[in-house]
Every structure is written in C-alpha cells, then in structure tokens.
Amino acid sequence: MSEFPAADELLSIAIPVAREAAATARRMRAEAITDVQTKSTRTDVVTAADRAVERQVVVALRTIRPYDGVLGEEYGEYTAGPGAVRWILDPIDGTVNYLYGLPAYAVSLAAEVDGVVLAGVVINAATGDEWTATRGGGAWRGGRRLRCSNRTDLSQVLLGTGFGYDAKRRAHQGAVLAQLITRVRDIRRIGVASLDLCSVGEGLLDAYYEKGLNPWDHAAGGLVAAEAGAVVGGLEGAPPGLDMVVAAPPAIFGPLHDALVELDAAGGA
Ligand code: LIP
C-alpha cells in the first residue's frame, strides 16, 4: 500500500485550489494591476496578484496537507517532509499578458512525488478553460479526453514557442527562429508555456519548444501534453528543463529535435 495519495486524489485536491486561485487572479485584474515590480530584467514583471495568488494556494495546500512541500515561482520552495508530495505552482503564468489584459494567463499546479509529476491542472484564468491530467489516466478538457496532433510532416507543423526576458538570449532565440520558420507551417507565440503545452495536448498546436522554462512553467502542462500522446522532453535524451522543453507528436519529435540541435536552440545566453 503506497503511502502517497493516488494521482486522482492529488488531482481532486489541485482542481478546487487552482479554480479559487484563478478566480482571485481574475478579480484582482478587474480591480487594478498594482505593485508592479520587475525581477530578472525590466520586462520580467511580477504583480501583487502573482504574490497574492501564490500565498493563497500555499495556504490552501498546507491546510489540506500540512507536510507537503510547495515550489512556487514567487516565493520559492517550502520543503517537503520525507515521503511528502511536492506541489509545483505558477500562480500566474503569462504575467505580461496579465499586465496588458490579453486573455491568456494561467494558474498552473502540479503534484510531484519522488521527482515524478502524477497530476496537474492548468486553468486559463481569463477564460476559465481548464486542462487536467493524471499519469496513466489521460489528459482532459471539459470531460473530453485529449489527443495530440497526428502530424508526420514538419513542414505542416503549427509550432509554438516563447522567448526569455534577457536581450542576449532573445537575440539567439530570434536567430534560431529565423531559420526554423521556413521549415514549418507557421509559428504561434502565446506567451504562456503552460497553455502552449496544453494546446499541444489538445492539438491546437502541433508542437512547441522553448528554452529557459522553470519547473512551474511546464510541470502541469507537460503532463497534459504527454498524457495526450505527445513526446515531451529535452534535447539529446535530457528530460524537459531549463535548457529546453520540446513537446510534439511522436512522428514530429525527432525531426524537430534534430532541427533544434542543428540550430543550437539550447545555446546562447
Ligand atoms: C512566461 C512563459 C512563456 C515565456 C515568457 C514567460 P511568466 O512565464 O510562460 O512561455 O515565453 O517569456 O517566461 O514569466 O509569465 O510566468
């Protein structure tokens, strides 16, 4: 008998907590964007809502499961006790969209046990659209089981990507994209990694790649994409992580991976 909750139980904890967090994000946006500060660069912003939503989620999770850990974008890690669940949270993924009022910013919450993400939920707080997944239990949206794209030709791929906040990194990412854009159908830049990954899971994008993502950006959305049949990984056998996250249908992952390696997409600043 495992001492860990089953994936379904973890998801049943995550969904209401994430929904309440999305409601707070939506309400605070409607009231006013306050206390806008910057982090790594002048364009890497954090608002009072980011911080309030993260505090709300941490309190809710630790009330339900006091010994669990939480890794959040804004307040870092509350370490877990032995054998505890580690919750991975982006309180508002797509903060620049949130700042501008573009209707794409997400609460992303995943439950990880011994380094393996077992359950995840991503909610577009602007629209209420919700994606969920459990390891081995599939990916879902609105009661519908999701399947990723079945593309086999890279030139027909609608490809999502994103860029960092550092100008030197963006220069390299732009140079890579300038080469890649002629090899695919087209590019989409939503500005929200968790929604990009859920879009791959739903087939709204055929594939996605991005360098520089943190665990809170891709933990939940990566499970949605993987449970919908996409291959989710890094380059040259690495797991998805800071160097690169790639999500693509099985027939596309290889050609996209090879193009990203050829173009040194994981390189640069
Ligand atoms: C965002 C990511 C997105 C990336 C943006 C930004 P944030 O996260 O979700 O994929 O391209 O530059 O990093 O900063 O809004 O939480």
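Whatever order the structure lists ligands and atoms in, that order sets their numbers, starting from 1. No experiment lies behind these values; they were computed from the predicted model shown.
- Within the listing of ligand 1, atoms 11 (O) sit less than 4.0 angstrom from a heavy atom of Gly162.
- Of the possible polar contacts, one joining the Asp166 side chain to the Arg169 backbone as a donor-acceptor pair under 3.5 Å is found.
- Formation of a donor-acceptor pair under 3.5 Å by the Asp44 side chain with backbone atoms of Thr38 is not found in this model.
- Side-chain heavy-atom separations under 4.5 angstrom define the hydrophobic clusters, and the remaining members of the one that includes Val176 are Leu154, Val157, Leu159, Phe163, Leu177, Leu180, Ile181, Val184, Ile187, Tyr209, Val231, Leu235, Met244, Val246, Ile252, Phe253, Leu256, Leu260, Val261, Leu263.
- Between the side chains of Asp35 and Thr47, no donor-acceptor pair is found at a separation under 3.5 Å.
- Of the polar atoms of Ser194, none of the N or O atoms is found under 3.5 Å from an N or O of ligand 1, judged by distance alone.
- Protein heavy atom in closest approach to atom 6 (C) of ligand 1: Tyr165 OH, 3.3 Å.
- With hydrogens left out, the protein atom closest to atom 10 (O) of ligand 1 is Glu210 OE1, 2.8 Å, a heavy atom.
- Distance alone, capped at 3.5 Å, places no donor-acceptor pair between the Glu227 side chain and the Ala139 backbone.
- The single protein non-hydrogen atom nearest to atom 9 (O) of ligand 1 is Asp93 OD1, 2.5 Å, given as residue, atom name and distance.
- Near Gly94, the atoms of ligand 1 lying under 4.0 angstrom from a non-hydrogen atom of the residue are 7 (P), 15 (O), 16 (O).
- With ligand atoms numbered from 1 in the order given, ligand 1 contributes 8 (O), 9 (O) to contacts under 4.0 Å with heavy atoms of Asp217.
- Set against the non-hydrogen atoms of Asp90, the atoms of ligand 1 under 4.0 Å away are 16 (O).
- Arg188 places no side-chain N or O within donor-acceptor distance of the main-chain N or O of Thr161, the cut-off being under 3.5 Å.
- Proximity to Ala193 (heavy-atom distance under 4.0 Å) selects the following atoms of ligand 1: 2 (C), 3 (C), 9 (O), 10 (O).
- Assignment of Asp50 to the shell around ligand 1 is not supported, since no heavy atom sits closer than 4.0 Å.
- Counting atoms of ligand 1 from 1 in the listed order, those under 4.0 Å from a heavy atom of Ile92 are 16 (O).
- Side-chain atoms of Tyr75 and Arg55 form a donor-acceptor pair, as typed in the model, at a separation below 3.5 Å.
- Of the possible donor and acceptor atoms, one in the side chain of Asp68 sits under 3.5 Å from a partner among the backbone N and O of Val85.
- Checking Lys211, Arg189, Glu73, Arg169 against atom 16 (O) of ligand 1, the nearest heavy atom belongs to Glu73.
- In terms of protein heavy-atom proximity, atom 12 (O) of ligand 1 is nearest to Phe163 O, 2.7 Å.
- Of all non-hydrogen atoms in Ala193 and Asp93, the two that sit nearest each other are N-OD2, 3.5 Å.
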